[in-house]
A.B. asks: 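If you scroll down you'll find the structure; I have some questions about it.
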Amino acid sequence: MLDSIVQKATDNFIEEIRKSNIYREYVFQKEKLKKDPVLFDGVTEFRQRNFALQTETPADELLDKLDAFEREYEEFRANPLVDDFLRAELAFCRMMQEVNVLVTAELDFE
């Protein structure tokens, strides 16, 4: 359970993230993509396969497998709805990673 002061600060921080251009763009692109359920399912599969590839492939095989994966999905990624969503999602993920790094560094958490 969070201390009430920390809870309030967290709630405020979440609201600020929701107001950010990066998050709003991510939500906008996600809603556009969801209007095409087949495309949305394709993006979900792409993301799952990409994650599995990067986390389960031995390091000495990763480059070749990533190249093959990129070639396999090249045409799919050329779709503007897919590309716009994946770019927005990546920007949001990078923002959240940066926030995590900053908070962790400032709290001397190892």
A.B. asks: Taking salt bridge (charged side-chain N to carboxylate O under 4.0 Å, His left out) as the cut-off, I'd like each qualifying pair that reaches into residues 1-13, sequence neighbours left out, listed once.
C.D. replies: none
A.B. asks: Is it true that atom CG of L102 has more than 12 heavy atoms of other residues, nucleotides or ligands lying nearer than 6.0 Å?
C.D. replies: yes
A.B. asks: Could you pull out all residues at least two apart from E72 that satisfy salt bridge (charged side-chain N to carboxylate O under 4.0 Å, His left out)?
C.D. replies: R49
A.B. asks: Tell me, which pairs form a salt bridge (charged side-chain N to carboxylate O under 4.0 Å, His left out) where one or both residues lie in residues 17-32, sequence neighbours left out?
C.D. replies: E15-R18, E16-K19
A.B. asks: Give a yes or no on whether V82 and F28 share a hydrophobic cluster (residues Ile, Leu, Val, Met, Phe, Trp, Tyr; joining criterion: side-chain heavy atoms under 4.5 Å apart).
C.D. replies: no
A.B. asks: When rounded to the nearest 0.5 angstrom, what is the spacing between CG in L81 and CD in Q29?
C.D. replies: 7.5 Å
A.B. asks: State which residues pass salt bridge (charged side-chain N to carboxylate O under 4.0 Å, His left out) with D84; sequence neighbours excluded, sorted by chain then number.
C.D. replies: none
A.B. asks: Please list, chain by chain and in numerical order, all residues satisfying salt bridge (charged side-chain N to carboxylate O under 4.0 Å, His left out) with R71, sequence neighbours excluded.
C.D. replies: none
A.B. asks: Once rounded to the nearest 0.5 Å, what's the spacing between atom CG of N50 and atom OG1 of T55?
C.D. replies: 9.5 Å
A.B. asks: Considering residues at least two apart in sequence or located in another chain, which fulfil the ring pair (Phe, Tyr, Trp, His ring centres under 6.0 Å) criterion with Y26?
C.D. replies: F85, F92
A.B. asks: Please enumerate all residues that pass ring pair (Phe, Tyr, Trp, His ring centres under 6.0 Å) together with F76, with sequence neighbours excluded.
C.D. replies: Y73
A.B. asks: Nearest 0.5 Å please: distance from the CG atom of D64 over to the OG1 atom of T57.
C.D. replies: 10.5 Å
A.B. asks: Treating Ile, Leu, Val, Met, Phe, Trp and Tyr as nodes and any side-chain heavy-atom pair under 4.5 angstrom as an edge, say whether I14 and Y23 lie in one connected cluster.
C.D. replies: no
A.B. asks: Which residue pairs pass the salt bridge (charged side-chain N to carboxylate O under 4.0 Å, His left out) test when at least one of the two sits in residues 38-48, sequence neighbours left out?
C.D. replies: R47-E89
A.B. asks: Could you see if L86 belongs to whatever hydrophobic cluster contains M96? Use Ile, Leu, Val, Met, Phe, Trp, Tyr and a side-chain cutoff under 4.5 Å.
C.D. replies: yes
A.B. asks: With heavy-atom distances below 4.5 Å as the criterion, would you say the side chains of R94 and L90 are in contact?
C.D. replies: yes
A.B. asks: Among all residues two or more places apart in sequence or in another chain, which pass the salt bridge (charged side-chain N to carboxylate O under 4.0 Å, His left out) test with K65?
C.D. replies: E61
A.B. asks: How close do L62 and L53 get, counting heavy atoms only, and between which atoms?
C.D. replies: CD1-O, 3.7 Å
A.B. asks: Looking at residues at least two apart in the chain, or sitting in another chain, which of them share a side-chain hydrogen bond (donor to acceptor under 3.5 Å, both in side chains) with N79?
C.D. replies: none
A.B. asks: Tell me whether V99 shares a hydrophobic cluster with L107, the cluster being built from Ile, Leu, Val, Met, Phe, Trp, Tyr side chains joined at under 4.5 Å.
C.D. replies: yes
